[in-house]
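Take a look at the structure set out below.
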Amino acid sequence: MKTIRCGSTAFLFTLAMALMQCQSSQKIGRVEYSSLTRGFQKHVVITADSFITTISGREQRASRRLITPEEWAAVQKSLRGVSLSEIPALKSPSQAREYDGARHSTLTLFTGDGKTVAHTFDDEKAHAKLMPLMSAVSAIEQTGTGQ
């Protein structure tokens, strides 16, 4: 009976370790948002400690600032319930960028273990599952311009 219990314990330990590894592989280390059209390009990079934005077009602008732990937590929270593996397959709500009717935008997520996933969409209108992330990016950007 002890061998069965030890086998059960070993199985549960292995299962717990596998689940922890899955969670850590989905841990986001960096989020990038880019949006471009003819004559305009915006690139935003958010990490656990910084926010960097570069705008090229009629005016050139670049800025960098530290972000708070609460802002990074909001980014992480915005992705709850979204599996990284499903992001590339998410459909864009519209396709106006195909005929220059909207900016061509992309959200790219980088995990701590080197995986990258991206979602492409029009303007700031990502798939509904990624709109909380777009809101978090916009909130951080607005805070930066308000200072």
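These numbers come from a predicted model, not from an experiment.
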Nearest heavy-atom contact between Ala136 and Ala74 is CB-O, 4.1 Å

With rounding to the nearest 0.5 angstrom, report the CD to OG distance, Glu141 to Ser63.
8.0 Å

When rounded to the nearest 0.5 Å, the distance separating CZ of Phe40 from NE2 of His104 is 14.0 Å

Can you check whether Ile52 reaches Val44 side chain to side chain, under 4.5 Å on heavy atoms?
no

Quick one: closest heavy-atom pair of Ala118 and Thr106, and the distance?
CB-CG2, 4.0 Å

Arg65 and Thr143 have their tightest heavy-atom pair at NH2-CB, 3.6 Å

In this structure, would Trp72 and Leu84 fall into the same cluster of hydrophobic residues linked by side-chain contacts under 4.5 Å?
yes

To the nearest 0.5 Å, how far apart are CG in Leu90 and NE2 in His127?
4.5 Å

Residue pair Thr47 / Ser50, side-chain donor-acceptor N/O under 3.5 Å:
yes

Might you point out which heavy atoms bring Ile67 and Ala48 nearest each other, and give the distance in Å?
CG1-O, 3.8 Å

Side-chain donor/acceptor pairs under 3.5 Å, residues 28-35, sequence neighbours excluded:
unit_1	atom_1	unit_2	atom_2	d
Arg30	NE	Glu32	OE2	2.9
Arg30	NH2	Glu32	OE2	3.2
Glu32	OE1	His43	NE2	3.2
Tyr33	OH	Asp123	O	3.3
Ser35	OG	Arg103	NE	2.6
Ser35	OG	Ser105	OG	2.8

Reported CG-to-CG distance for the pair Leu66 and Asp49, which is rounded to 0.5 angstrom
6.5 Å

Rounded to the nearest 0.5 angstrom, the CZ-CZ distance for Arg64 and Phe51 is 11.5 Å

Minimum heavy-atom separation for Ala126 to Leu130, with atom names?
CB-CB, 4.0 Å

With distance as the sole criterion, is a donor-acceptor pair present between the side chains of Ser83 and Ser85 under 3.5 Å?
yes

Is there side-chain contact between Leu107 and Met134, with heavy atoms separated by less than 4.5 Å?
yes

Drop me the distance from Thr108's OG1 to His119's NE2, to the nearest 0.5 angstrom.
11.0 Å

Sub-3.5 Å donor-acceptor pair from the side chain of Ser56 to the main-chain atoms of Gln60, do we have one?
no

Determine, for Glu70 against Lys77, whether the closest basic-nitrogen to carboxylate-oxygen distance falls under 4.0 angstrom.
no

Can Leu109 and Thr116 be said to form a side chain to side chain contact (heavy atoms under 4.5 Å, CB included), step by step?
CA-CA 6 Å; Leu109 309 175; Thr116 303; over 6 Å; no

With salt bridge (charged side-chain N to carboxylate O under 4.0 Å, His left out) as the rule and sequence neighbours excluded, what pairs involving residues 79-88 come up?
Glu86-Lys129

